[in-house]
Amino acid sequence: LETFRLIKELDNQYTELEIEKDELQKSNLEKQKAVGKYKELYDFAPTCYFTLSPLGEIIELNLSAAKMLDKSRPDLINKRFGAFVSEDTKQIFNQFIENIFSNNTKQICEVILVLENNSHVSITLTGISSQTNNHCLISAVNINEYKQLVEFNQLLLSSLPYPAMYVRHKARVIISANKLAIDFGAIVGDFCWNSFASCKGNLNNKADFEQNHPYVITKANTKMCTFCQADACMQSIPCQNNPNLNAFERTWDAYWIKVSDTVYLHYLIDVTESLSLIHI
């Protein structure tokens, strides 16, 4: 009977072990599926991802990253990322890697890649160290098109024969301005109503405007920047606001043109001489 009991216990233990084995296999299978799904997302992500060592060696990268460097993934493993960075931005990259591992905080930099066909690609790198601090995770974004767009927009501003600037609509921050606008007081990165606080003009409905747009009023509440009073005209392109505006000892017609949902081109045409002729 004792032998029978032991055999029965062993049989039960064997059954329990089989159940645990099946559960473990299922768990491992689920983990493998999860890893496979993560790897698939990583490999085919449109963003370029790199894993770099403290020396800047490429430990791992996805397909988009390999395409950016114009090489196959196997050929890039263990290669120094810095070898693709232009000489004039290499120090920026080296400092970027050093800061990641020394500060353990997210770091951002902009560098230029030089590829085998001698093409130059401007990129923004964002990186953070791993928990073990033995490698860092990097994302790279190609900003060539963005930089070309910025250069084109600046060229457009510079070609205009009157004060002109790009203004972020809601915040009223000047994104860029041509020399004429800067000469009149435009400060890139500042609120346009700060830059042009001395600009005065008449409003058809000043009380209503002040109530809805208090941010264009100075603290003294005595000066209002009429460069910013185009909200009621935003629906049409181009739209004219405050014709015969008096500012900086000149008379202007002010215009806004919608560039995007958040950015507007704002420019002023000097009509001082034209008005003088009319009144003669």
Side-chain angles (χ1 to χ4, degrees), residues 24-153 166 168 170-171 175 259-263:
L24 184 60
Q25 287 177 339
K26 288 179 182 179
S27 177
N28 287 336
L29 183 60
E30 289 176 358
K31 288 180 181 179
Q32 288 173 4
K33 287 181 179 179
V35 170
K37 187 176 182 179
Y38 163 78
K39 184 166 178 56
E40 185 176 333
L41 290 172
Y42 175 84
D43 285 342
F44 296 101
T47 302
C48 302
Y49 292 121
F50 296 89
T51 301
L52 303 183
S53 73
L55 296 177
E57 299 164 327
I58 300 173
I59 301 171
E60 190 178 4
L61 72 164
N62 66 354
L63 294 173
S64 294
K67 184 178 180 181
M68 173 180 278
L69 297 180
D70 199 23
K71 286 184 174 291
S72 66
R73 280 204 292 185
D75 291 339
L76 290 167
I77 300 299
N78 296 326
K79 293 291 191 299
R80 292 281 185 98
F81 187 90
F84 299 94
V85 178
S86 68
E87 288 299 324
D88 56 331
T89 61
K90 191 163 290 187
Q91 182 57 41
I92 295 174
F93 172 74
N94 292 337
Q95 189 64 53
F96 166 74
I97 293 295
E98 182 180 332
N99 289 342
I100 288 177
F101 288 101
S102 60
N103 298 336
N104 291 319
T105 57
K106 183 174 75 173
Q107 301 292 321
I108 299 175
C109 75
E110 182 180 321
V111 298
I112 298 173
L113 300 179
V114 181
L115 306 181
E116 282 191 349
N117 60 4
N118 206 34
S119 63
H120 289 59
V121 181
S122 295
I123 63 171
T124 295
L125 296 176
T126 303
I128 190 168
S129 65
S130 65
Q131 291 183 347
T132 57
N133 209 35
N134 61 359
H135 64 269
C136 63
L137 309 175
I138 306 288
S139 66
V141 178
N142 186 330
I143 58 172
N144 259 13
E145 291 184 2
Y146 169 77
K147 289 180 73 69
Q148 289 170 2
L149 181 61
V150 170
E151 290 171 1
F152 172 78
N153 285 333
Y166 287 111
R168 197 168 299 283
K170 293 294 184 183
I175 302 172
V259 178
S260 70
D261 289 338
T262 57
V263 176

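Quick note: residue numbers are just sequence positions, from 1. As the structure is a prediction and not an experimental result, all values here were calculated from the model.
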Can you tell me how far [atom2] of [Y] sits from [atom1] of [X], rounded to the nearest 0.5 angstrom?
X    : Y    : atom1 : atom2 : result
S53  : I97  : OG    : CD1   : 8.0 Å
L137 : I128 : CG    : CD1   : 8.0 Å
Q91  : C109 : CD    : SG    : 11.5 Å
I112 : T89  : CD1   : OG1   : 5.5 Å
S129 : N99  : OG    : CG    : 11.5 Å
L113 : M68  : CG    : CE    : 6.5 Å

- Any side-chain donor paired with an acceptor under 3.5 Å for N62 and S64?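 N62 vs S64: no donor-acceptor pair found between side chains.
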- For the residue pair N94 and E98, confirm or rule out a side-chain donor-acceptor distance under 3.5 Å.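 Per modelled atom types, N94 and E98 side chains form no pair under 3.5 Å.
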Sub-4.5 Å side-chain heavy-atom contact between [X] and [Y]:
X    : Y    : answer
N153 : I175 : no
I123 : F84  : no
R73  : L63  : yes

Side-chain donor/acceptor of [X] to backbone N/O of [Y], under 3.5 Å:
X    : Y    : value
S130 : H135 : yes
S119 : L115 : no
N144 : S122 : yes
T51  : I59  : no

- Evaluation steps, side chain to side chain contact (heavy atoms under 4.5 Å, CB included), between T126 and K106: CA-CA 7 Å; T126 303; K106 183 174 75 173; 3.7 Å; yes
For a quick test of reading the model, state the closest non-hydrogen atom pair linking [X] to [Y] and the distance between them.
X    : Y    : answer
L125 : A140 : CD2-CB, 3.5 Å
L52  : I138 : CD1-CG1, 3.9 Å
S86  : V114 : CB-CG2, 3.6 Å

- Message: Checking D75 now: which residues fulfil side chain to side chain contact (heavy atoms under 4.5 Å, CB included) with it, not counting sequence neighbours?
- Response: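 Counting only residues at least two positions away or on another chain, D75 forms a side chain to side chain contact (heavy atoms under 4.5 Å, CB included) with S72.
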- Task: Decide side chain to side chain contact (heavy atoms under 4.5 Å, CB included) for L61 and K71; before the verdict, give the C-alpha distance in whole Å, the side-chain angles of both, and the deciding distance to 0.1 Å.
- Result: CA-CA 11 Å; L61 72 164; K71 286 184 174 291; over 6 Å; no
- Query: Who are the salt bridge (Lys or Arg N to Asp or Glu O under 4.0 Å) partners of K90, not counting sequence neighbours?
  - Reply: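 E87.
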- Item | Residues forming a salt bridge (Lys or Arg N to Asp or Glu O under 4.0 Å) with K67, sequence neighbours excluded |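 By the salt bridge (Lys or Arg N to Asp or Glu O under 4.0 Å) rule, K67 matches no residue at all.
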- Passes side chain to side chain contact (heavy atoms under 4.5 Å, CB included), D70 versus E116? Steps please. CA-CA 8 Å; D70 199 23; E116 282 191 349; 5.6 Å; no
- Message: Checking V85 against F96 for the side chain to side chain contact (heavy atoms under 4.5 Å, CB included) test, could you report, in this order, the C-alpha distance in whole Å, the side-chain angles of both residues, the deciding distance, and whether it holds?
- Response: CA-CA 12 Å; V85 178; F96 166 74; over 6 Å; no
